[in-house]
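Letters A, B, ... mirror the listed sequences (proteins, then strands); counts begin at 1. Note that this is a predicted model, so its numbers are computed, not measured.
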Protein chains: 2
Amino acid sequence: MSETSTKPRRNPAETRERLIGATVRLMLRQGYAATSVDEICAEAGVTKGSFFHHFENKESIGRAAVEWWGAFGTALYAEAWEDDELDPLDQLRRFFGIMIGFTEREDQVCTCMVGMMSQELSQTHPAMREECGRQLQLWTANCARMLAAAKARHAPEAGFDPEAVAWYLNSLWQGSMLVGKAEDRPGIIRSNLRLALAWVEGLLQKTDSPNPSQPS
Amino acid sequence: MSETSTKPRRNPAETRERLIGATVRLMLRQGYAATSVDEICAEAGVTKGSFFHHFENKESIGRAAVEWWGAFGTALYAEAWEDDELDPLDQLRRFFGIMIGFTEREDQVCTCMVGMMSQELSQTHPAMREECGRQLQLWTANCARMLAAAKARHAPEAGFDPEAVAWYLNSLWQGSMLVGKAEDRPGIIRSNLRLALAWVEGLLQKTDSPNPSQPS
DNA sequence: TCTGACATACGAACCAGTTGGTATGTTAAA
DNA sequence: TTTAACATACCAACTGGTTCGTATGTCAGA
């Protein structure tokens, strides 16, 4: 009879993923409130009944989409620190390189699901705020780990707090994407990232060597 | 008959302002899409007919609200540079002081209308994106002016570009408010601002004086 | 009497979410 | 191996409520 191997008509895992993918794509562009469940279903090629079978409500798929984005990001960034033999300062340089690479994708606006949902929903959807907060903490923890290691290796006497610097960099990254989008000038993001990397490198310069700021 | 001096039943200017005020309050909390015209009217104590008499549509009052916020902000920041006798570096210190003060208001979430509308609408409402872009440019121009003056006075040889640094600071400020909100930790914003000010002061240190970084 | 400011009423479109049903897959007894 | 009972995955149609926007009316002041 008809083959059953390639395209099983039922595939809950795939349906779920398709719904999440559609949600990410749409909300990344329009935000949460402006994205309707009908629209998500149409984009995913799934009916509304099916939608409410997989997700309790709109907020629930919103949370799943933020989680998905977090995992996607972590996988992307992991390349920076996966080689644990690498000098942590070079890991940080890779980290910045990954972010710059993210701004350079063709025909893709440089924006972040976590940043968008945080901005729009922090004050009205506590569960969403918490999920976004968690994802930002993850980024910060990874960044702080590299900063602490780099500090231990290169400038143990330096006075900066790795976690505070990590939050600073996270804020700069989020704000840069926001401003880059509003100005339609992704170059601003890259310029900001370069300034920040230079600053971090400055923080990590050995304190006993009276090195002037930077070579122009 | 009834007196007409104190409370004229009709006052288009005041009605307009009430509508804009209500819009700012509501959208600052809920964002654009989640704020309905009915809600705005209720908050302002104005009927819907009146609303559509004063504003063509929802987007139009959104733009007006962003403009209002821009003027409000500029008035707030102006205190930093209004004394043009003051050392521009001290003007910058005041500038940061104003931002820190903004985070310290009681029972008020530290957030920005321009940042919220930029994040939510940049990719779908071109007119709104442009208005937000304009407001961000204003902030940046004011900031860059102070930076350029401070550079001319304190470190004319320094290699930084005042405008690039101003965009950097604008991005950091926007991102800090975003992260501070998502983490419900306004302290992060203040920490970021302090780090940024120290960095700016570092940039402005005379290149010939071998001054060590900071007194811890 | 004429105009600009405001009010009332309403409609077409759209929203999130529900319902009752069907197709498909699984399990286990006959 | 067949079959019958059951569970899961999915679907079309629908509901009650809300949305922005409009059409029409009223009223005060110039």
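The phosphate of dC10(D) has OP1 or OP2 within less than 4.0 Å of a side-chain N or O from Thr15(A). Residue His54(B) places no side-chain N or O under 4.0 Å from the OP1 or OP2 atom of dG4(C). At the phosphate of dT8(D), neither OP1 nor OP2 sits under 4.0 Å from any side-chain N or O atom of His53(A).
Residue Glu82(B) places its CD atom among more than 12 non-hydrogen atoms of other residues, nucleotides or ligands, all under 6.0 Å distant. At most 12 heavy atoms of other shown residues, nucleotides or ligands fall within 6.0 angstrom of atom CD in Glu17(A). Atom CZ of Arg16(A) is surrounded by 12 or fewer heavy atoms from other residues, nucleotides or ligands within 6.0 Å. Atom CD of Glu104(A) is surrounded by more than 12 heavy atoms from other residues, nucleotides or ligands within 6.0 Å.
A distance of 6.0 Å or more separates the ring centres of Trp199(B) and Tyr168(A).
As rounded to whole Å, 14 Å separates atom C1' of dA5(C) from atom CD of Glu14(B). Rounded to whole Å, the distance from CD on Glu17(B) to P on dA5(C) is 15 Å. At whole-Å resolution of the value, CZ in Phe55(B) and P in dC6(C) are 12 Å apart.
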Can you give me every donor-acceptor pair (side chain of residues 59-77 of chain B, partner residue at least two apart or in another chain, under 3.5 Å) with its distance?
residue	atom	partner	partner atom	Å
Thr74(B)	OG1	Gly70(B)	O	2.9
Tyr77(B)	OH	Trp139(B)	NE1	3.3
Tyr77(B)	OH	Trp173(B)	NE1	2.9

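Taking only side-chain atoms of Ser50(B), from C-beta outward, the nucleotide of dA9(D), dA7(C), dA12(D) with the closest atom is dA7(C).
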Sugar-phosphate or base contact per nucleotide [nucleotides 13-20 of chain C; S, B, -; heavy atom under 4.0 Å]: --SBBB--

